[in-house]
2 protein chains.
Amino acid sequence: MIIVLKALSNEKRLKILQWLKEPKKNFASSHCDVAKDGVCVGLIEEKIGLSQSTVSQYLMLLQQAGLITTERRGQWTYCKRNEKAIKELVKNLENI
Amino acid sequence: MIIVLKALSNEKRLKILQWLKEPKKNFASSHCDVAKDGVCVGLIEEKIGLSQSTVSQYLMLLQQAGLITTERRGQWTYCKRNEKAIKELVKNLENI
DNA sequence: TTGACATATCGGAAAATCTCGATATAATAA
DNA sequence: TTATTATATCGAGATTTTCCGATATGTCAA
């Protein structure tokens, strides 16, 4: 619970999570379908204006918190929201 | 939003908020009715095992985040959960 | 008024977080 | 195989958070 709240309590990470809610609206990829495949790290990096290493670490944090899933495919790592876990979190927060 | 999540993303502060949900179960006061009046700082301090100054500061953070209300009455400061704000938060988190 | 109690504020040490550049790894293309 | 591209990891400086003790303020009781 704390680890999830910690992951969320950062503006940039929260923004990433929110962007991933509407991949098509927020990202454009030439090599994949962001809605189906997920959004690769480079696109997020480009949009958020943080260094590549920072984005990579932030995504790791979000993943450890269970808020996103990542999947390596070829040279890319695709990120998606973990809607199930997010719903679970909100449900838990209801009796905080 | 971020300020609220930051306030919540600390184990001790989250604990305080949760304790305040059931004042009668968690606190016993000789000079007031914790359910009606609220819980004074000293009781929280005693239970959580942090210094008086730290507890005072944490309560200030929770208050600034809108999660609790505090009211000075006599020499005591009584704390209560701000259920309305908490509900609002959870509602907002639903479309995070 | 003075002393005792409850809480708030201040200043700072230690730990954690933020963020970067450099470098490593992994996959692909030439 | 080598170069290129995408991502991960490492090490470190800057900033923020955690938490304390000392001190200040406010209230009450004698």
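Note that this is a predicted model, so its numbers are computed, not measured. Lettering follows sequence order; numbering is per chain, from 1. We use all heavy atoms of the structure for the numbers below, so side chains are in, but hydrogens, waters and symmetry mates are not.
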Starting at atom [atom1] of [X], determine the distance to atom [atom2] of [N], rounded to an integer number of angstrom.
{"X": "E46(A)", "N": "dA6(D)", "atom1": "CD", "atom2": "P", "value": "10 Å"}
{"X": "L62(A)", "N": "dT17(C)", "atom1": "CG", "atom2": "P", "value": "14 Å"}
{"X": "N10(B)", "N": "dT17(C)", "atom1": "CG", "atom2": "C1'", "value": "14 Å"}
{"X": "E71(A)", "N": "dA8(D)", "atom1": "CD", "atom2": "C1'", "value": "17 Å"}
{"X": "H31(B)", "N": "dA4(C)", "atom1": "NE2", "atom2": "P", "value": "19 Å"}
{"X": "Q57(A)", "N": "dA6(D)", "atom1": "CD", "atom2": "P", "value": "20 Å"}
{"X": "I16(A)", "N": "dC18(C)", "atom1": "CD1", "atom2": "P", "value": "12 Å"}
{"X": "Y78(A)", "N": "dA6(D)", "atom1": "OH", "atom2": "C1'", "value": "10 Å"}

Notebook entry, point to check: Would a 4.5 Å heavy-atom cut-off, applied to side chains only, mark L43(B) and C40(B) as touching?
Noted result: yes
For the side chain of [X], counting heavy atoms from C-beta on, which of [options] is nearest?
{"X": "Q52(A)", "options": "dC20(D), dT9(D), dA8(D)", "result": "dA8(D)"}
{"X": "T77(A)", "options": "dC20(D), dA8(D), dT7(C)", "result": "dA8(D)"}
{"X": "S51(B)", "options": "dC19(D), dC20(D), dA8(D)", "result": "dC20(D)"}
{"X": "W76(A)", "options": "dT9(C), dC18(C), dA6(D)", "result": "dA6(D)"}

Does a nitrogen or oxygen in the side chain of [X] sit under 4.0 Å from OP1 or OP2 of [N]?
{"X": "T54(A)", "N": "dT19(C)", "value": "no"}
{"X": "Y58(B)", "N": "dT17(D)", "value": "no"}
{"X": "R73(A)", "N": "dA27(C)", "value": "no"}
{"X": "R13(A)", "N": "dC18(C)", "value": "yes"}

Notebook entry, point to check: Where do I96(B) and N92(B) land on the side-chain contact (heavy atoms from CB on, under 4.5 Å) test, with the steps shown first?
Noted result: CA-CA 7 Å; I96(B) 213 172; N92(B) 287 339; over 6 Å; no
Notebook entry, point to check: Relative to F27(B), does K47(B) satisfy both conditions: NZ or CZ under 6.0 angstrom from the six-membered ring centre, and within 45 degrees of the ring's axis?
Noted result: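 Yes, K47(B) sits over the ring of F27(B).
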Next item on the list: Answer yes or no: side-chain N or O of Q75(B) and base N or O of dC5(C) forming a donor-acceptor pair under 3.5 Å.
Entry: yes
Notebook entry, point to check: Of L50(A) and S53(B), whose closest DNA chain C nucleotide lies nearer the 5' terminus?
Noted result: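 Of the two residues, S53(B) wins.
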Checklist line | 5' priority, DNA chain C, between S56(B) and K12(A) [closest heavy atom] | finding: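 The 5'-side residue here is S56(B).
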Note to self: Assuming nearest nucleotide by heavy-atom distance, tell me which of R72(A) and K6(A) is located more 5' along DNA chain D.
What the structure shows: R72(A)
Note to self: Show the nearest heavy-atom pair for residues L14(A) and M1(B), with the distance to one decimal.
What the structure shows: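 Taking L14(A) first and M1(B) second, the nearest heavy atoms are CD2-CG, 4.3 Å.
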Check: Would L8(B) and L89(B) satisfy side-chain contact (heavy atoms from CB on, under 4.5 Å), going step by step from the backbone distance to the final call?
Finding: CA-CA 11 Å; L8(B) 286 175; L89(B) 167 72; 3.7 Å; yes
